[in-house]
Amino acid sequence: MARLNEETKTRNEAAIRAAMERILSGNLPPSGKADLKTLATLAGVTRTGFYPKTNRDGTTRPGAYQHLAEEFERRLRELRDAGEILDPRVAQIGRLKKENAELRKRISARDEQLAELTDFKNLAISRLVAQHDEIERLRKQAAVHHNVRPLPAPSSTAPFGSCS
């Protein structure tokens, strides 16, 4: 792999810083997270520049953009410690969990109300059936005994229910 010249390295660092600001402000791409992989993708650089390298003699040297990766992780940790959520998926999961709990509570209340209304309906129907049976019984009794007399019609001059 060819070594980076200073102009390319400066251009890449500027792109990394712009991508870092975008991520830290919460503006993530749809499939991205607040991590180094997304940072590298947004900046258009490889992730290998964020990690230390091992020389042939076994010694390590810093990656070309390792200082930016450390700065990114430090700022990310500070924001998380301050309680700001950067990953919109985490916020969405929290919101959906809360919404799910509320919906379960509403369903439970509706089920309870539905059971009460079903009980009321059954009670009302059984009362109507009992009343109907009683009316039928009274009609049959009146027809068999012929002891029911019609009431006189109210006079047209006196209002209904008035006392004279």
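Owing to the predicted nature of the structure, the values given are computational and were not obtained by experimental measurement.
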Find out whether Asp133 and Arg137 are in side-chain contact, i.e. whether some heavy atom of one side chain is under 4.5 Å from a heavy atom of the other. no
With a cut-off of 6.0 Å (strictly less than), are more than 12 heavy atoms of other residues, nucleotides or ligands near CZ of Arg139? no
Report the C-alpha separation of Arg75 and Glu71 in whole Å, then their side-chain angles, then the decisive distance to 0.1 Å, and conclude whether the salt bridge (charged side-chain N to carboxylate O under 4.0 Å, His left out) test is met. CA-CA 6 Å; Arg75 290 177 62 189; Glu71 177 186 342; 3.7 Å; yes
Ala40 and Arg47 have their tightest heavy-atom pair at CB-CG, 3.6 Å
Is a side-chain donor or acceptor of Thr38 paired with a backbone partner of Ala34 at a separation under 3.5 angstrom? no
Please report the interatomic distance CD1(Ile23) to CG(Asp35), rounded to the nearest 0.5 Å. 7.0 Å
Heavy-atom nearest pair, Ala19 first then Ala43, reads CB-N, 3.9 Å
Supply the atom-to-atom distance Met20 CE to Leu76 CG, rounded to the nearest 0.5 angstrom. 10.5 Å
For residues 105-127, please give each side-chain donor-acceptor pair under 3.5 Å, one per line with the distance, not counting sequence neighbours.
| residue | atom | partner | partner atom | Å |
| --- | --- | --- | --- | --- |
| Thr118 | OG1 | Leu114 | O | 2.8 |
| Asn122 | ND2 | Thr118 | O | 3.4 |
| Ser126 | OG | Asn122 | O | 3.3 |
| Ser126 | OG | Leu123 | O | 2.8 |

To the nearest 0.5 Å, how far apart are CD1 in Ile16 and CZ in Phe50? 4.0 Å
Donor-acceptor under 3.5 Å (Thr59 side chain, Asn55 main chain): no
Are Pro52 and Gln66 side-chain neighbours, meaning at least one heavy-atom pair lies under 4.5 Å? yes
Taking all non-hydrogen atoms of both residues, which atom of His67 and which atom of Glu13 are closest, and how far apart? CE1-OE2, 3.4 Å
Nearest-0.5 Å distance that lies between atom CG in Asn12 and atom CD in Glu7: 10.5 Å
Ion pair Arg17/Glu21, N-O distance below 4.0 Å: no
How many angstroms lie between OH in Tyr65 and OG1 in Thr46, if you round to the nearest 0.5 Å? 7.5 Å
Applying salt bridge (charged side-chain N to carboxylate O under 4.0 Å, His left out), run through Glu73 and Arg77 and close with a yes or a no. CA-CA 6 Å; Glu73 288 175 343; Arg77 191 172 38 256; 5.7 Å; no
Do other residues, nucleotides or ligands put more than 12 heavy atoms under 6.0 Å from the NZ atom of Lys53? yes
